[in-house]
Amino acid sequence: MSRGDHFDEASGIVSCTAPWGRWWQTREEVYIEIDGKSVGVEEKLTNRALEVKLKPTSLSVTIRKSQVLNGNLFRVINEDESTWTLEDGRLVSIMLVKGGVGECWKSLLAGEYELDPWTRDQVEQKLTLERLQKENPGMNFGGATITGNYQDGGPRFP
């Protein structure tokens, strides 16, 4: 495995908290974690208690007939490669594969769960470092930091 395969482990994640849990992104995926307790479910869940609908432009999550997430995604996803799991009967983990690699999602759903300006800058910096890691697999950018404005993917090098 290359160093890029473990980039998040070395560099950490920059997550956005929400009433139901948190979400974060890499250059290729968006991850969503919904904690059953945060949506009022104390006992363990089963797959039958969940309804997760992943479409190219929308997402819907219902737990015990109570809608937790529903709306249009910020950008298009690859529905066939996206997936979800239930971990330990408490945590719903969703992985959305971005339709456009390297795009920074400014919000999870259109107009909802938006990144504040500071968090967005942190995410942009992390995505830039991840891009540099993929472009330079022999180097380790996992513990690196960068400064400046890295909106829209950071600087482009010749």
Side-chain angles (χ1 to χ4, degrees), residues 1-131 133-134 141-145 150 153:
M1 288 191 172
S2 71
R3 289 182 181 173
D5 293 337
H6 300 291
F7 185 79
D8 286 331
E9 291 176 21
S11 66
I13 61 171
V14 179
S15 64
C16 182
T17 58
W20 39 260
R22 66 183 183 153
W23 72 278
W24 70 93
Q25 60 189 302
T26 66
R27 287 179 44 77
E28 298 173 353
E29 293 110 8
V30 174
Y31 295 90
I32 304 165
E33 289 184 344
I34 301 171
D35 180 3
K37 287 185 178 183
S38 68
V39 294
V41 178
E42 294 298 322
E43 62 278 352
K44 285 192 171 192
L45 295 167
T46 64
N47 285 346
R48 282 179 257 167
L50 302 171
E51 184 178 357
V52 180
K53 293 180 183 175
L54 304 173
K55 301 290 180 193
T57 60
S58 65
L59 169 67
S60 174
V61 179
T62 304
I63 299 176
R64 294 223 167 100
K65 299 184 182 183
S66 176
Q67 193 134 79
V68 176
L69 280 172
N70 186 39
N72 292 323
L73 293 163
F74 181 76
R75 291 277 189 258
V76 174
I77 63 166
N78 183 329
E79 175 185 0
D80 293 335
E81 293 183 26
S82 300
T83 188
W84 67 274
T85 59
L86 176 61
E87 299 174 21
D88 298 326
R90 303 221 182 272
L91 185 68
V92 180
S93 294
I94 303 169
M95 183 195 70
L96 306 175
V97 177
K98 291 179 176 180
V101 172
E103 289 183 321
C104 179
W105 286 24
K106 297 171 187 162
S107 64
L108 178 60
L109 301 178
E112 292 186 76
Y113 314 111
E114 294 182 19
L115 299 173
D116 63 66
W118 184 86
T119 303
R120 180 171 176 220
D121 191 58
Q122 296 299 305
V123 170
E124 289 276 7
Q125 288 179 36
K126 183 171 182 338
L127 295 180
T128 299
L129 287 170
E130 186 178 348
R131 177 176 58 89
Q133 180 70 61
K134 294 226 186 250
F141 291 90
T145 58
Y150 287 90

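Computed from a predicted structure; not experimentally measured.
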Side chains of Leu127 and Glu103: does their closest heavy-atom pair fall under 4.5 Å? no
Closest non-hydrogen atom pair between Leu109 and Gly71, with its separation: CD2-O, 3.9 Å
Are any non-hydrogen side-chain atoms of Ile94 and Leu54 less than 4.5 angstrom apart? yes
Distance (rounded to the nearest 0.5 Å) between Thr119 OG1 and Lys126 NZ: 14.0 Å
Count the heavy atoms of every other residue, nucleotide or ligand shown that sit under 6.0 Å from CG of Asp88, and state whether that count exceeds 12. no
Roughly how far apart are Thr46 OG1 and Arg48 CZ, rounded to 0.5 Å? 5.5 Å
Tightest non-hydrogen contact, residues Gly21 and Ser38, listed as N-OG, 4.0 Å
Atom OG of Ser82 and atom CE of Met95: how far apart are they, to the nearest 0.5 Å? 6.0 Å
How far apart are the closest heavy atoms of Lys98 and Arg27, and which atoms are they? CD-O, 3.5 Å
Check whether the side chains of Ser60 and Gln67 place a donor and an acceptor atom closer than 3.5 Å, and report yes or no. yes
Pick one: which of Asn47, Ile32, Ile34 meets side-chain contact (heavy atoms from CB on, under 4.5 Å) with Trp84? Asn47
Between the side chain of Ser93 and the main-chain N/O of Glu33, is any donor-acceptor distance below 3.5 Å? no
Looking at Glu42, is its backbone amide N or carbonyl O close enough to the side chain of Arg90 to form a donor-acceptor pair, meaning the two atoms are under 3.5 Å apart? yes
What distance separates Leu96 CG from Glu79 CD, expressed to the nearest 0.5 Å? 11.0 Å
Taking all heavy atoms of Leu73 and all of Lys55, pick out the closest pair and write down the distance. CD1-O, 3.8 Å
Answer whether the closest heavy-atom distance between the side chains of Leu86 and Val92 falls below 4.5 Å. yes
I'd like to know whether Lys134 forms a side chain to side chain contact (heavy atoms under 4.5 Å, CB included) with Glu28, so could you lay out the CA-CA distance, the side-chain angles of the two residues, the decisive distance to 0.1 Å, and finally the verdict. CA-CA 12 Å; Lys134 294 226 186 250; Glu28 298 173 353; 3.9 Å; yes
Exercise: do Tyr113 and Trp105 side chains pair donor with acceptor under 3.5 Å: no
Chi angles and distances behind the side chain to side chain contact (heavy atoms under 4.5 Å, CB included) call for Thr62, Val68: CA-CA 6 Å; Thr62 304; Val68 176; over 6 Å; no
From CA spacing to verdict: side chain to side chain contact (heavy atoms under 4.5 Å, CB included), Ile63, Leu50: CA-CA 5 Å; Ile63 299 176; Leu50 302 171; 3.5 Å; yes
Side-chain heavy atoms of Glu114 within contact of Phe74, under 4.5 Å: no
Evaluation steps, side chain to side chain contact (heavy atoms under 4.5 Å, CB included), between Arg64 and Leu45: CA-CA 9 Å; Arg64 294 223 167 100; Leu45 295 167; 3.8 Å; yes
What's the separation between atom CG in Leu69 and atom CH2 in Trp23, rounded to the nearest 0.5 Å? 11.5 Å
Nearest 0.5 Å please: distance from the CG atom of Asn70 over to the OG atom of Ser58. 7.5 Å
Ser107 to Glu112 - nearest heavy-atom pair and separation: CB-O, 3.4 Å
Can you confirm whether Arg75 sits close enough to Val30 that some side-chain heavy atom of one is under 4.5 Å from a side-chain heavy atom of the other? no
Distance-only polar pair, side chains of Tyr31 and Glu29, donor-acceptor under 3.5 Å: yes
